Undergrad: 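Can you keep this structure in mind? I'll have questions shortly.
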4 protein chains.
Amino acid sequence: MSNQKVIRVGVIGAGRIGKIHAENLATRIPGVVVSAIADINQQAAQALAEKLHVANAFSDYRKIIEDKDIDAVAVCSSTDTHADLIIAAANAGKHVFCEKPVDHSLDRIDKAINAVSKAGVQCQIGFNRRFDPNFKKLHDLVQTGKIGDLHILRITSRDPAPPPAEYVKLSGGMFLDMTIHDFDMARFLSGSEVEEVYAIGEVRVDPAIGAAGDIDTAVITLKFANGAIGTIDNSRKAVYGYDQRAEVFGSGGMAATANNTPNSSVYSNADGVVSEKPLYFFLERYMESFVAEMRDFINAIREGNPTPVNVFDGRKPVVIAMAATRSMLENRPVKLSEIE
Amino acid sequence: MSNQKVIRVGVIGAGRIGKIHAENLATRIPGVVVSAIADINQQAAQALAEKLHVANAFSDYRKIIEDKDIDAVAVCSSTDTHADLIIAAANAGKHVFCEKPVDHSLDRIDKAINAVSKAGVQCQIGFNRRFDPNFKKLHDLVQTGKIGDLHILRITSRDPAPPPAEYVKLSGGMFLDMTIHDFDMARFLSGSEVEEVYAIGEVRVDPAIGAAGDIDTAVITLKFANGAIGTIDNSRKAVYGYDQRAEVFGSGGMAATANNTPNSSVYSNADGVVSEKPLYFFLERYMESFVAEMRDFINAIREGNPTPVNVFDGRKPVVIAMAATRSMLENRPVKLSEIE
Amino acid sequence: MSNQKVIRVGVIGAGRIGKIHAENLATRIPGVVVSAIADINQQAAQALAEKLHVANAFSDYRKIIEDKDIDAVAVCSSTDTHADLIIAAANAGKHVFCEKPVDHSLDRIDKAINAVSKAGVQCQIGFNRRFDPNFKKLHDLVQTGKIGDLHILRITSRDPAPPPAEYVKLSGGMFLDMTIHDFDMARFLSGSEVEEVYAIGEVRVDPAIGAAGDIDTAVITLKFANGAIGTIDNSRKAVYGYDQRAEVFGSGGMAATANNTPNSSVYSNADGVVSEKPLYFFLERYMESFVAEMRDFINAIREGNPTPVNVFDGRKPVVIAMAATRSMLENRPVKLSEIE
Amino acid sequence: MSNQKVIRVGVIGAGRIGKIHAENLATRIPGVVVSAIADINQQAAQALAEKLHVANAFSDYRKIIEDKDIDAVAVCSSTDTHADLIIAAANAGKHVFCEKPVDHSLDRIDKAINAVSKAGVQCQIGFNRRFDPNFKKLHDLVQTGKIGDLHILRITSRDPAPPPAEYVKLSGGMFLDMTIHDFDMARFLSGSEVEEVYAIGEVRVDPAIGAAGDIDTAVITLKFANGAIGTIDNSRKAVYGYDQRAEVFGSGGMAATANNTPNSSVYSNADGVVSEKPLYFFLERYMESFVAEMRDFINAIREGNPTPVNVFDGRKPVVIAMAATRSMLENRPVKLSEIE
């Protein structure tokens with residue numbers, strides 16, 4: 001390990017997800033140095049840098065882009081900045097890890113794709129759930145033929161608590177903000193492309209979400225190119241915690257995953273038999289997958305192999321989300337070809 | 001018990017389901033006597049009668065209808081005879097238990113409903129799954145408010161092996177033949193009425209089923225009057241056995257059922273951790289529910305209470321199945337009001 | 001079936017277990033007629049006979065023994081009468097099904113064994129748990145070599161509520177009354193004989209049980225002839241219900257069973273994830289095993305095959321219980337050879 | 001965090017467990033610096049130091065003891081050195097984390113206890129399983145009264161593969177080498193002291209282990225001061241992987257844990273329903289508990305609170321192991337008072 005080239009990473013965005021990636025890069029992945037952290041909130045950048053013994057903290061992300069010693073950038077800022085930052089980093093010859101979604105506009109996504117292609121840098125999008133051991137196992141069972149021809153795919157994805165209405169207003173809508181993970185998961189598990197979408201969305205959890213123009217409960221049906229049918233069900237509020245499950249069913253068999261819990265204890269008394277609730281939310285459930293995706297990103301840089309979730313994989317779920325939105329509004333199945 | 005009036009039942013149809021009901025009536029339900037068995041195949045009627053020590057076996061069902069000592073009739077013959085037999089039995093003042101579906105024609109179902117209403121007899125339709133302890137528990141959790149407002153309902157219903165193509169041709173299609181149970185289950189679990197249906201159906205299991213004009217794989221989405229959204233997924237062939245599960249999700253919590261297995265053993269060796277497959281098919285899985293539904297039918301006769309699944313409950317799933325068929329053919333959501 | 005000889009059975013004892021066996025014989029097993037029921041409480045015999053349409057009810061069991069048309073006797077009376085009734089029935093040439101334990105005295109058991117051997121009649125002891133699908137599966141896994149050489153056997157057997165102290169006084173002690181089932185299970189699962197026993201017994205549940213000279217909590221360790229080691233843990237009171245599990249571990253693998261529940265539902269809300277408690281007690285848990293053991297008894301009579309649990313199998317657990325009692329009193333391991 | 005005093009740790013022993021603790025201290029616990037690594041094998045110390053960017057690597061542990069800047073020592077060398085190293089570290093005023101067992105001799109353990117007491121340093125023994133979330137939950141349920149009075153405690157602890165015979169020869173025997181963790185767990189879960197032990201040990205897995213004078217299969221029964229009864233079952237070889245479970249049963253309820261698996265997938269096909277095997281061995285299963293115990297050790301140093309597993313906790317399991325050994329050899333229950 002000692003003769004391995006150190007990879008220097010700049011982290012842009014010191015919010016919730018930026019903190020996670022910065023800490024994982026700094027402590028969990030050998031051969032990586034976090035050189036700088038930038039955030040428009042200078043204090044946030046400074047505090048995170050101190051905690052992680054990072055040398056530089058900036059309020060201007062351009063100081064990272066312009067630093068020739070930095071090999072790669074982790075884009076953890078707000079969604080509206082993603083495409084620009086990918087382009088800036090790629091133009092500066094830096095590899096890019098970017099949080100999902102790439103953007104709410106296909107046009108801007110395509111510009112980012114072009115910049116990445118032209119620069120020949122590595123780009124990975126933060127669909128971390130692919131790195132969760134449960135979902136990865138389902139993926140592998142499909143890929144190795146254990147499921148046979150895939151017939152039915154089911155994804156359940158329910159948050160423990162809805163975001164505040166102000167967040168909802170800027171989120172692009174539940175399909176772009178939340179279901180986008182499930183659209184990526186649908187592609188990942190099926191190994192096929194979605195061709196048509198039918199979506200039902202409703203406001204059942206919080207009227208304030210409806211007032212903000214969004215929905216909080218949805219069932220989405222997908223037709224895949226390989227003939228499989230998929231269903232996704234979403235809620236912004238599962239009172240028992242973060243509910244993240246999937247099932248693949250085909251000619252050769254079926255595989256399903258359960259939620260993860262803080263421990264395996266089962267307590268029985270006169271009132272019933274009680275086991276633990278699911279891990280509360282994505283920080284708890286997916287912590288290891290955040291490490292794993294970053295490890296793969298660094299490896300891709302080191303080895304020159306393709307990243308496991310490339311920038312095209314970042315575009316597709318946005319298209320599906322757009323089709324889902326149109327389907328919901330027009331109450332009819334919508335083909336992806338109508339969007340693209 | 002000894003001073004309870006004996007209920008005399010005639011069973012029409014000595015096929016697979018007729019045998020089950022006749023045996024359950026004869027041995028498992030106190031205070032019932034099976035007086036006669038009729039089947040157009042006289043030998044089948046005779047064999048079953050002998051096995052169960054039933055006094056009379058006929059080839060002509062009218063001998064049962066005309067027998068003044070018979071209180072109730074169990075209609076277990078082919079679907080195309082159901083409506084006529086309900087009408088004949090009702091007109092003769094006999095209570096009727098009738099297998100599902102009542103008929104493939106709403107017009108004929110309505111005639112049967114009228115006959116039952118006019119005669120004032122009891123009529124119960126054979127949606128036995130309502131009596132399965134797993135599904136009954138979900139129903140009770142919804143009814144007692146433990147689920148809160150219902151948001152999402154999921155039903156998985158997959159057979160272990162497809163029926164022969166000849167059977168498929170006469171079956172009325174998968175939605176009327178197989179999914180009809182799930183449509184009833186959706187009403188039972190949700191405590192609400194379906195308003196709109198979107199169905200995707202495909203031939204993935206057996207091309208012969210497609211050649212017979214039917215499908216073998218489906219995902220159906222339901223909108224309920226109470227605002228809940230439902231999904232049903234069906235397959236004619238789950239290689240691991242009969243897969244019968246449901247899940248209800250709402251503002252107060254979630255409840256789900258698992259499949260039943262022949263025993264609870266878990267065997268671990270160097271190759272993995274293996275538990276039992278689901279009970280093979282409906283005879284194994286639902287045997288006790290066949291007893292329970294009949295027990296309730298006999299009680300309803302005895303007590304004069306309403307039957308738990310009345311003839312109107314027999315009509316609704318047929319309407320949903322028709323809407324699902326139209327939805328699949330026209331690839332659009334179909335309102336039940338378009339059918340009725 | 002119709003040309004099969006009818007087996008006529010007399011049931012002696014119309015208490016809790018007598019009722020179960022009488023009803024199962026009368027309704028669940030084809031080709032059997034319950035001819036008579038005897039109980040020293042004539043009213044109990046009469047009531048049960050009426051309920052099951054049994055022709056004869058006696059207060060004197062000898063009327064059953066003397067009835068030449070009766071082929072078999074089910075002994076469901078109190079333990080102190082078992083040996084005498086086996087002997088009387090055998091001497092009268094009748095097959096005998098007898099509840100456990102055969103007796104509290106080895107001498108009397110041996111007399112019963114002799115009577116059965118001399119008469120050449122079938123004799124089956126009511127170790128019904130062998131017929132439970134969970135335990136039967138473990139047994140089969142051991143027998144078919146899937147466990148390899150058996151190293152460790154674990155049995156958990158806990159009642160939901162202790163019996164009244166008056167019952168305890170006449171019960172022969174927990175080892176003879178309750179653990180005797182587990183001693184039989186240990187032989188059944190291991191396929192080997194117990195050679196040495198070490199038992200710890202305590203009064204933890206109810207001081208009244210201690211005052212009656214008995215214990216209510218125990219852990220028993222067994223050494224088997226095949227080199228396996230077994231542990232049994234018992235309690236008279238598991239507040240969550242009847243806890244009946246076992247585990248077999250060996251060179252080839254491990255298999256374990258779980259408790260049975262009334263349904264498979266799992267309910268998740270803000271307080272936790274709740275599944276059903278075990279079926280309450282032996283009537284619920286083992287109902288089907290009571291049918292199965294009686295079916296095998298009747299088959300053994302019909303076919304002339306050995307019964308699955310013969311009178312020698314009835315003796316061994318009594319010996320183990322005696323060794324366990326001595327071990328507990330003397331706080332040392334006790335060899336079975338010290339007892340026999 | 002930035003104004004927190006840095007704790008400087010020296011690690012003695014660069015073998016399997018030394019590597020784990022050194023890496024965890026270096027990367028997973030904020031505010032800790034690993035200053036030096038010592039191993040009689042200088043190359044091993046050097047390699048580990050390089051990997052973790054540790055400044056010093058020594059072949060002589062005394063360089064660590066004599067380094068005034070080092071606050072604490074992690075003793076990860078062979079068991080026969082533990083007591084001396086604790087004493088040397090304590091005498092030098094350093095806090096000590098020491099792997100289990102402290103020693104095979106009570107006399108030497110007592111000397112280590114005295115040295116720690118006299119020096120007033122913190123001392124923690126590496127019973128890491130107490131920090132596993134499964135077992136910690138059982139402990140908490142007992143402590144918070146959810147189990148009520150504890151009646152029965154069961155621990156299953158089986159390794160996936162036996163150690164080499166050479167290792168066995170120096171191990172002090174299975175009770176001191178392997179079961180010692182379970183003896184500590186018994187104290188931890190019961191919240192009580194063991195008073196008497198009865199142990200059965202056999203050679204069932206590997207004759208070479210028997211030839212080395214040890215056993216590989218055992219069942220140990222414990223009597224606790226609080227009246228509870230405990231059973232431990234051990235095997236050096238569970239072909240399905242590392243089997244680590246416990247169960248606590250009392251007047252208020254029961255709680256049990258299951259094994260941890262790499263993912264929650266369940267795969268069903270025509271052959272059966274297959275879930276994942278347990279995590280292979282202690283490195284996989286207990287990795288997070290190694291981090292957690294070290295975090296608590298560092299916190300105890302920082303806060304001046306007692307360590308969660310002190311040096312007296314390191315002594316007791318050795319006494320129990322000695323009693324178990326004598327019990328096995330003499331085939332009788334042995335009181336701890338006979339040993340102490």
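Keep in mind it's a predicted model, so treat the numbers as computed, not measured. Atom set for the values below is all heavy atoms of this structure, side chains included, hydrogens, waters and symmetry mates excluded.
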Undergrad: Among D/Glu196, D/Arg158, D/Lys237, D/Glu247, who wins on heavy-atom pairs under 4.5 Å with chain C?
TA: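 When all of D/Glu196, D/Arg158, D/Lys237, D/Glu247 are compared, D/Arg158 has the most.
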Undergrad: When you compare the side chain of D/His151 with that of C/Arg204, does any pair of heavy atoms fall below 4.5 Å?
TA: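 Yes, their side chains come closer than 4.5 Å.
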Undergrad: Would you call the rings of C/Tyr198 and D/Tyr198 parallel, tilted or perpendicular if under 30° counts as parallel and over 60° as perpendicular?
TA: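 It falls in the tilted class, 30° to 60°.
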Undergrad: First locate atom CZ of C/Phe249, then atom CG of D/Asp243, and finally report the distance between them rounded to the nearest 0.5 Å.
TA: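 Reported to 0.5 Å precision, the distance equals 7.5 Å.
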Undergrad: May I ask you to check whether over 12 heavy atoms, not counting those of C/Lys100, lie within 6.0 Å of atom NZ?
TA: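 Yes - once you tally the heavy atoms of other residues, nucleotides and ligands closer than 6.0 Å, there are more than 12.
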Undergrad: Could you look at C/Thr231 and say if it's the side chain, the backbone, both or neither that has a heavy atom under 4.5 Å from chain D?
TA: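 Just the side chain, heavy atoms under 4.5 Å.
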Undergrad: For C/Leu150, which atoms come within 4.5 Å of any heavy atom of chain D: side chain, backbone, both, or neither?
TA: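 Backbone only.
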Undergrad: Determine the minimum heavy-atom distance between C/Val219 and D/Thr221, stating which atoms define it.
TA: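 Looking at all heavy atoms of both residues, the shortest contact is CG1-CG2, 4.1 Å.
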Undergrad: What part of C/Ile200 gets closer than 4.5 Å to chain D, counting heavy atoms only: side chain, backbone, both or neither?
TA: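 Contact with chain D: backbone and side chain both.
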Undergrad: What is the minimum heavy-atom distance between D/Arg332 and C/Pro333, and which atoms define it?
TA: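 Taking D/Arg332 first and C/Pro333 second, the nearest heavy atoms are CA-CD, 4.1 Å.
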Undergrad: Is there side-chain contact between C/Asn331 and D/Lys223, with heavy atoms separated by less than 4.5 Å?
TA: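 They are in contact (side-chain heavy atoms under 4.5 Å apart), so the answer is yes.
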Undergrad: Against chain C, work out which of D/Val239, D/Asn234, D/Ile229 has the most heavy-atom pairs shorter than 4.5 Å and name it.
TA: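 So the answer, after comparing D/Val239, D/Asn234, D/Ile229, is D/Ile229.
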